[in-house]
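Worksheet for the structure shown next.
Naming: A, B, ... by sequence-line order, numbering from 1 per chain.
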Amino acid sequence: MKTIRTPADEAEARALQDELRGLVVRDEPGPPPGTGRVTGVDVAYDDERDIVAAAAVVLDAATLDVVEEATAVGRVSFPYVPGLLAFREIPTVLAALESLTSDPGLVVCDGYGLAHPRRFGLAAHLGVVTGLPSIGVAKNPFTFSYEPPGTRRGDSSPLLADDGEEVGAALRTRDGVKPVFVSVGHRVDLPTARAHTLRLTPRYRLPESTRHADALCRRALREATAATAAPPGAAPDGRE
DNA sequence: GCGACAG
DNA sequence: ATCTTGTCGC
């Protein structure tokens, strides 16, 4: 599997996205929902200490039981720039994914796939780099627009770019609750991405996969941060 | 040019 | 993302 190149600046990052977007596969329906495995990935930051922690949690797609967990900790290698999120998140996420022993199956990202200024968001980027089918489920519409979907779980409406292009879907995962924003990453089509998202949300607005990954990367960050703040041998009573 | 802007 | 207590509700 390829490893992400860390660009020297924003212009280089955008050029890299323009280059890699051509590798996205969009003519596969993707794994059937409810079968195989689904892996949630997420990242937490401590910009103060320059630490980033990533988590990958593999779920059984049918039962949503946790099959395997992995974490990785690293240094923040890129600032947060809207549109360039992947460069900030992917290096550590890749490390976590690579330490898994089971097949990740479908990768579910906390962010966008094709719904992106250059149609190459986090989920698309991670999919291309790993070769795995991937989708993005975001909490906010970013710069895109949408008509509010019906109020019931399962209702959805198109997520539209400025030029009217459909880049994803606003999908209601709970009755009467703000929708999530689903977009295709790599080797999955939009209807399948929506179906997976619904199967992953039997109880909460966000997919179980991202909920697990979010909790795990925060835990990993706490532990990494604690190690930095109080290395072995540091004043045990807390005084300096 | 300025502000907005996934996480 | 992160800073942050209690509180309303199932």
Side-chain angles (χ1 to χ4, degrees), chain A residues 4 6 10 13-14 17 21 24 40-57 71-94 96 107-128 134-146 153 159-163 165 167-171 173-186 193 197 201-207 209-222 224-226 228-229:
Chain A
I4 196 173
T6 297
E10 297 184 17
R14 293 192 182 90
Q17 291 181 327
R21 61 188 279 193
V24 174
V41 295
D42 195 16
V43 170
Y45 301 94
D46 183 336
D47 286 297
E48 192 82 342
R49 300 173 202 268
D50 197 42
I51 291 176
V52 50
V57 180
T71 62
V73 174
R75 294 305 194 82
V76 178
S77 58
F78 207 85
Y80 171 66
V81 179
L84 301 180
L85 180 64
F87 297 102
R88 182 170 168 80
E89 307 226 327
I90 288 188
T92 319
V93 166
L94 269 185
V107 177
V108 179
C109 296
D110 188 14
Y112 285 119
L114 259 44
H116 178 273
R118 284 167 297 284
R119 306 293 180 268
F120 195 66
L122 175 62
H125 202 145
L126 187 59
V128 163
S134 63
I135 66 174
V137 180
K139 300 182 284 295
N140 299 292
F142 198 18
T143 60
F144 303 103
S145 62
Y146 66 101
R153 163 176 160 81
L159 185 65
L160 306 172
D162 294 335
D163 60 5
E165 180 183 349
V167 295
L171 174 65
T173 56
R174 313 298 316 154
D175 291 354
V177 172
K178 173 179 175 174
V180 296
F181 304 90
V182 180
S183 61
V184 154
H186 182 57
T197 303
T201 51
R203 174 149 187 175
Y204 299 103
R205 178 169 88 112
L206 298 179
S209 43
T210 66
R211 288 170 47 79
H212 278 110
D214 180 73
L216 182 56
C217 69
R218 288 183 196 237
R219 198 182 319 151
L221 181 64
R222 277 204 317 272
T225 290
T228 296

According to the interplanar angle, ranging from 0 to 90°, do the rings of Phe181(A) and Tyr146(A) count as parallel (below 30°), tilted (30 to 60°) or perpendicular (above 60°)?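 Phe181(A) and Tyr146(A): perpendicular rings.
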Using whole Å, report how far [atom1] of [X] lies from [atom2] of [N].
X	N	atom1	atom2	answer
Leu84(A)	dA1(C)	CG	P	18 Å
Leu221(A)	dT2(C)	CG	P	7 Å
Arg218(A)	dG7(B)	CZ	P	12 Å
Leu85(A)	dA6(B)	CG	P	9 Å
Arg49(A)	dC3(C)	CZ	P	11 Å
Leu206(A)	dG7(B)	CG	P	9 Å
Arg174(A)	dC10(C)	CZ	C1'	12 Å

The side chain of Asp110(A) is closest to which nucleotide in this list: dG7(B), dC5(B), dA6(B)?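 Output: dG7(B).
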Among dG7(B), dT2(C), dC5(B), which is the nearest nucleotide to the side chain of Thr143(A)?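 Output: dC5(B).
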[X] side chain to [Y] main-chain N or O, any donor-acceptor pair under 3.5 Å?
X	Y	value
Ser183(A)	Gly113(A)	yes
Gln17(A)	Gly83(A)	yes
Arg49(A)	Ala224(A)	no
His186(A)	His125(A)	no
Arg88(A)	Ser77(A)	no

With respect to the phosphate group of [N], does any side-chain polar atom (N or O) of [X] fall under 4.0 Å of OP1 or OP2?
X	N	answer
Tyr80(A)	dA6(B)	yes
Lys139(A)	dG7(B)	yes
Asn140(A)	dG7(B)	yes
Arg88(A)	dA6(B)	no

Pick base, sugar-phosphate or nothing for [X], based on heavy-atom distances below 4.0 Å to the nucleic acid.
X	result
Asp42(A)	sugar-phosphate
Tyr112(A)	base
Ala115(A)	nothing
Gly83(A)	base

Quick one: stems involving DNA chain C, counted as three or more successive Watson-Crick or G-U pairs, both distances short of 3.5 Å.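 DNA chain C forms no stems at all.
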Quick one: pull up CD in Glu48(A) and OG1 in Thr225(A) and give me the separation to the nearest 0.5 Å.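 That separation rounds to 10.5 Å.
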Could you check whether Asp42(A) pairs with Arg218(A) (Lys NZ or Arg NE/NH1/NH2 to Asp/Glu carboxylate O, under 4.0 Å)?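 Salt bridge: no.
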Name the stems that DNA chain B belongs to, where each is three or more consecutive Watson-Crick or G-U pairs with both distances under 3.5 Å?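 Correct response: none, since no qualifying run exists.
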Contact between Leu159(A) and Tyr112(A) at the side-chain level, heavy atoms closer than 4.5 Å - yes or no?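 They are in contact (side-chain heavy atoms under 4.5 Å apart), so the answer is yes.
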